[in-house]
Amino acid sequence: MVQTSRELSFMIDLDIADELDKLIPASQRNTFVSHAIGNELAMRRRSMIVSEMLENCLGMPTVATGKLLSDLAEDRKRDF
């Protein structure tokens with residue numbers, strides 16, 4: 001059987017936990033937190049791609065954007 005999720009144990013700020021309890025029904029919290037983390041990871045991945053592109057382009061007269069654009073397009077297709 002393929003495992004589709006994994007239990008993690010970590011701490012979050014008390015005020016965030018209280019707001020999560022108030023706004024998100026218990027039955028939806030795992031999905032909510034998983035999507036929130038997935039979205040943050042996607043933003044960080046994209047930021048790293050852009051930073052890498054900028055570092056690689058220093059001193060270059062033109063920027064080859066083909067790979068960057070295809071990488072970003074593929075990343076946007078990911079389903080969390």
Side-chain angles (χ1 to χ4, degrees):
M1 179 183 273
V2 176
Q3 184 177 355
T4 60
S5 62
R6 187 174 98 192
E7 185 174 330
L8 300 174
S9 177
F10 51 87
M11 304 291 288
I12 62 174
D13 293 339
L14 187 56
D15 57 335
I16 294 172
D18 290 342
E19 190 168 11
L20 183 67
D21 289 343
K22 288 177 190 173
L23 297 176
I24 308 299
S27 63
Q28 297 176 12
R29 288 185 195 140
N30 285 334
T31 301
F32 178 84
V33 171
S34 182
H35 283 247
I37 292 171
N39 289 335
E40 179 66 24
L41 290 171
M43 287 182 4
R44 288 181 185 229
R45 241 188 337 272
R46 290 177 187 133
S47 178
M48 287 172 53
I49 291 169
V50 170
S51 293
E52 183 179 325
M53 182 210 60
L54 292 174
E55 286 177 21
N56 291 335
C57 293
L58 289 177
M60 295 177 67
T62 60
V63 176
T65 60
K67 176 133 175 55
L68 171 66
L69 294 176
S70 65
D71 287 350
L72 289 173
E74 283 299 311
D75 191 63
R76 288 185 183 112
K77 291 179 188 176
R78 290 178 50 128
D79 191 16
F80 300 103

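What's counted below: heavy atoms across the whole structure, side chains too, no hydrogens, waters or symmetry copies.
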Exercise. Can you list the steps and then say if Ile37 with Leu41 is a side-chain contact (heavy atoms from CB on, under 4.5 Å)?
Worked result: CA-CA 6 Å; Ile37 292 171; Leu41 290 171; 3.8 Å; yes
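Note that CD of Glu74 is 12.0 Å distant from CG of Leu69, once rounded to the nearest 0.5 Å. Distance check: Met11 CE to Ile16 CD1 gives 12.0 Å after rounding to the nearest 0.5 Å. The CD atom of Gln28 lies 10.5 Å from the CG atom of Leu20; values are rounded to the nearest 0.5 Å. Of the inter-residue distances, the one linking Ser34 atom OG with Asn39 atom CG reads 9.5 Å to the nearest 0.5 angstrom.
Between the side chain of Ser47 and the backbone N or O of Met43, no donor-acceptor pair lies under 3.5 Å. Put simply, the side chain of Asn56 gets close to the backbone of Glu52: a donor and an acceptor are under 3.5 Å apart.
A single hydrophobic cluster is not seen to contain both Met48 and Leu72; linkage of ILVMFWY side chains at heavy-atom distances under 4.5 Å, directly or through other members, places them apart. Linking Ile, Leu, Val, Met, Phe, Trp and Tyr whenever their side-chain heavy atoms come within less than 4.5 Å leaves Phe32 and Leu14 in two separate clusters.
Residues passing the salt bridge (Lys or Arg N to Asp or Glu O under 4.0 Å) test with Glu40, sequence neighbours excluded: Arg44.
Annotation: salt bridge (charged side-chain N to carboxylate O under 4.0 Å, His left out) contacts involving residues 3-21, sequence neighbours excluded, comprise Asp21-Arg29.
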